[in-house]
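Take a look at the structure below.
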Amino acid sequence: MRFFLVIFFIFHLIYGKSQAKYEVVTIGFYNLENLFDTINDPRFDDEEYLPTSALKWNTEKYLLKLRNMAEVISRIGESYLPGGPAILGVCEAENIHVLNDLCKKTVLSKSNYDAILFDSWYSRGVDVGLLYRKDFFKPLVAKPYRLIIPNDTSYKTRDQLLVKGILLGDTMFFIVNHWPSRRGGEKKSRPYRLAAAALTRHIVDSILQTDSLAKIFIMGDFNDDPTDQSVLNVLKAAGKKELAHQTFLYNPYYALYKYEGIGSHAYRDKWSLFDQIIVSKGLLCTEKGWQYFKAFVFNEEFLKQKEGTFKGYPFRTAIGGNFMGGYSDHFPSFVVIKRGKNDH
């Protein structure tokens, strides 16, 4: 027993001192699974989430949904940064009002969150957004990018969101995505995700043109895995760090998915890792300032269905018009970045 205590003491001494040299911050992404208010917006198809719908979506259910989302967000990466990530990309939010409610009317108010969202032309009226803790991040520029398919101009999907700002003294770029779904089949819908990937790459290249070591986070529900053509070949998010020196992008979720079998979304007994955070070369090779450290899927037990056919799947808010009172059909993802305490 004394031997193990000595080993533990030595490990703690070395590891503790190593850890004390660094500051750490978390960056996350979460698909909120239909965060709708209860008010009818005639511009969009939100009838499924109204008091008159089969779901009977009302104030009580809406407030529970907000509390559930806030509980998850506040616990993402809490061992690294209590109170929730410094930056959190989100998707499936109806409007800026629901994000403001999430930030101001829940436990997240203690973490001083604020939100950014632009309404897109997507028929369902759910969009991407960015939550940020004002003590950590100051936004400078926010801009939506619209995906237009030249040979199918009637096609409408979610906009992509670019936010530039200062994260604790370092300039950062965040691109938030929710690429076209696989509705109608993966093969049939693939061209739309390839087009979305090309748009994201265009945004990345426009940033890199000014600064080849710009610190960029590309996050989202890509509706494709890290090994799929859209992510690997069009966006050029390399699965190995050494290849990122050529593509300028590194996807830490490639290894989690391909070699560890980790997923964030389950469908028909198959796990996918659609929810990814990709980092630029500038977060890998800097000697000072913030650097990429580690990637995770936040898949704690409280987020999982406890019984039945879908035991172990993400515990959802609603299924087929039935209110379940859960969280989301996706697990969140997050990365940890670090910098030396004397690097600023």
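- For Ser53 (side chain) and Glu48 (main-chain N/O), a donor-acceptor pair under 3.5 Å exists by modelled atom type.
- Under the side chain to side chain contact (heavy atoms under 4.5 Å, CB included) test applied with Asn177, the options Leu235, Ile278, Thr200 reduce to a single match, Thr200.
- The two residues Ala238 and Thr247 have their closest heavy-atom pair at CB-OG1, 3.7 Å.
- One hydrophobic cluster, built from ILVMFWY side chains closer than 4.5 Å, holds both Phe29 and Tyr80.
- For the atom pair Lys21 NZ and Lys341 NZ, the distance stands at 12.0 Å (nearest 0.5 Å).
- Residues Ser154 and Asp152 form a side-chain contact, since some pair of their non-hydrogen atoms from C-beta on lies under 4.5 Å apart.
- Note that Lys61 lies in the cation-pi zone of Phe323, set by a 6.0 Å cut-off to the ring centre and a 45° limit from the axis.
- When ring centroids are compared, Tyr155 and Trp121 stay outside the 6.0 Å threshold.
- For Lys110, the NZ atom sits in a loose shell: 12 or fewer heavy atoms of surrounding residues, nucleotides or ligands are nearer than 6.0 Å.
- Counting heavy atoms from C-beta outward, Phe137 and Ile166 have side chains that stay 4.5 Å or more apart.
- The side chain to side chain donor-acceptor pair (under 3.5 Å) with Asn251 is formed by just one residue from the set Gln276, Lys236, Lys240; it is Gln276.
- Note that Lys338 lies in the cation-pi zone of Tyr22, set by a 6.0 Å cut-off to the ring centre and a 45° limit from the axis.
- In summary, the side chains of Ser109 and Lys104 do not present any donor paired with an acceptor at a separation below 3.5 Å, with no hydrogens or angles considered.
- Under a cut-off of 6.0 angstrom, the local environment of NZ in Lys304 is crowded, with over 12 non-hydrogen atoms contributed by other residues, nucleotides or ligands.
- Side-chain atoms of Asn34 and Arg124 include a donor-acceptor pair closer than 3.5 Å.
- By the 30° and 60° cut-offs, the orientation of the rings of Phe36 relative to Tyr49 is parallel.
- In terms of modelled atom types and a separation under 3.5 Å, the side chain of Arg158 and the main chain of His178 share a donor-acceptor contact.
- Phe302 and Tyr327 have their aromatic ring centers within a separation under 6.0 angstrom.
- Expressed to the nearest 0.5 Å, how far CG of Asn223 lies from CZ of Arg182 amounts to 7.0 Å.
- A continuous path of hydrophobic side-chain contacts links Leu168 to Ile87 [ILVMFWY only; heavy atoms under 4.5 Å].
- The pair Glu33-Arg316 meets the salt-bridge criterion, since a charged nitrogen lies less than 4.0 angstrom from a carboxylate oxygen.
- With rounding to the nearest 0.5 angstrom, the NZ atom of Lys65 is 6.5 Å from the CG atom of Leu32.
- The 12-atom threshold is not exceeded at CD of Gln209, counting heavy atoms of other residues, nucleotides or ligands nearer than 6.0 Å.
- Note: Tyr292 OH to Cys285 SG = 15.0 Å, rounded to the nearest 0.5 Å.
- The shortest side-chain heavy-atom distance between Phe217 and Phe173 does not fall under the 4.5 Å cut-off.
- Between the side chain of Lys258 and the backbone N or O of Tyr253, no donor-acceptor pair lies under 3.5 Å.
- A 4.5 Å side-chain heavy-atom check between Phe331 and Val297 finds at least one atom pair inside the cut-off.
- The number of heavy-atom neighbours closer than 6.0 Å to NZ of Lys306, taken from other residues, nucleotides and ligands shown, is above 12.
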Checking Asp135 against Tyr113 for the side chain to side chain donor-acceptor pair (under 3.5 Å) test, could you report, in this order, the C-alpha distance in whole Å, the side-chain angles of both residues, the deciding distance, and whether it holds? CA-CA 9 Å; Asp135 301 338; Tyr113 273 101; over 6 Å; no
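- A cation-pi arrangement is present between Lys281 and Phe248, with the terminal nitrogen or guanidinium carbon under 6.0 Å from the aromatic centre and inside a 45° cone about the axis.
- Counting heavy atoms from C-beta on, the side chains of Phe334 and Ile27 never come closer than 4.5 Å.
- In this structure, Asp228 contributes its side chain and Asp225 its backbone to a donor-acceptor pair below 3.5 Å.
- Residues Phe293 and Ile337 share a hydrophobic cluster, clusters being chains of Ile/Leu/Val/Met/Phe/Trp/Tyr side chains in contact below 4.5 Å.
- Hydrophobic clustering (side-chain heavy atoms under 4.5 Å, transitive across Ile, Leu, Val, Met, Phe, Trp, Tyr) keeps Tyr122 apart from Phe44.
- The two residues Gly239 and Tyr250 come nearest to each other via the heavy atoms O-CE1, 3.7 Å.
- Here the side chain of Thr26 pairs no donor or acceptor atom with the backbone of Gly77 at under 3.5 angstrom.
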Working note: Cys91 + Val176, criterion side chain to side chain contact (heavy atoms under 4.5 Å, CB included); need CA distance, chi angles, decisive distance, verdict. CA-CA 8 Å; Cys91 71; Val176 190; 5.8 Å; no
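- Nearest heavy atom pair, residue Ile277 against residue Ser333, reads CD1-O, 3.7 Å.
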Assess the residue pair Val163 and Ile116 against the criterion (side chain to side chain contact (heavy atoms under 4.5 Å, CB included)); give the C-alpha distance rounded to whole Å, side-chain angles, the decisive distance to 0.1 Å, and a yes or no. CA-CA 9 Å; Val163 178; Ile116 298 170; 4.0 Å; yes
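- Considering all non-hydrogen atoms of both residues, Ser120 and Thr157 come closest at OG-O, 4.2 Å.
- Arg339 places no side-chain N or O within 3.5 Å of a backbone atom of Trp290 that could act as its donor or acceptor partner.
- Counting only heavy atoms from C-beta outward, the side chains of Gln291 and Leu284 never approach each other to under 4.5 Å.
- By the 30° and 60° cut-offs, the orientation of the rings of Trp179 relative to Phe222 is perpendicular.
- The two residues Lys215 and Thr171 have their closest heavy-atom pair at CB-O, 3.9 Å.
- Counting only distance, with no hydrogens or angles, the side chain of Thr38 and the backbone of Asn58 share no donor-acceptor pair below 3.5 Å.
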List the steps and the verdict of side chain to side chain contact (heavy atoms under 4.5 Å, CB included) for Leu99 and Asp114. CA-CA 8 Å; Leu99 292 188; Asp114 208 345; over 6 Å; no
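- For the pair Leu162 and Ile207, the minimum side-chain heavy-atom distance is below 4.5 Å.
- Remark: His97 NE2 to Leu102 CG distance equals 14.5 Å, nearest 0.5 Å.
- At least one donor-acceptor pair under 3.5 Å links the side chain of Glu94 to the backbone N or O of Asp37.
- Shortest non-hydrogen contact noted between Lys188 and Pro191 is O-CD, 3.4 Å.
- Considering only heavy atoms from C-beta on, Phe296 stays 4.5 Å or farther from Val335 through its side chain.
- Once rounded to the nearest 0.5 Å, the distance linking CZ of Phe118 with CG of Asp159 reads 9.5 Å.
- Side chain of Gln160 to main chain of Ala196: a donor-acceptor pair is present (N/O by atom type, distance under 3.5 Å, no hydrogens or angles).
- Glu71 has no carboxylate O lying under 4.0 Å from a charged side-chain N of Arg67, or vice versa, which leaves the two without a salt bridge.
- Within the 3.5 Å criterion, the main-chain N or O of Phe274 finds no donor-acceptor partner in the side chain of Ser272.
- Taking the charged nitrogens against the carboxylate oxygens, Asp41 and Arg43 do have a contact shorter than 4.0 Å, which makes a salt bridge.
- When the side chains of ILVMFWY residues are joined at heavy-atom separations under 4.5 Å, either directly or via intervening members, Leu161 and Ile203 end up in two distinct hydrophobic clusters.
- Ser264 and Asp275 share a donor-acceptor pair across their side chains, judged by distance under 3.5 Å alone.
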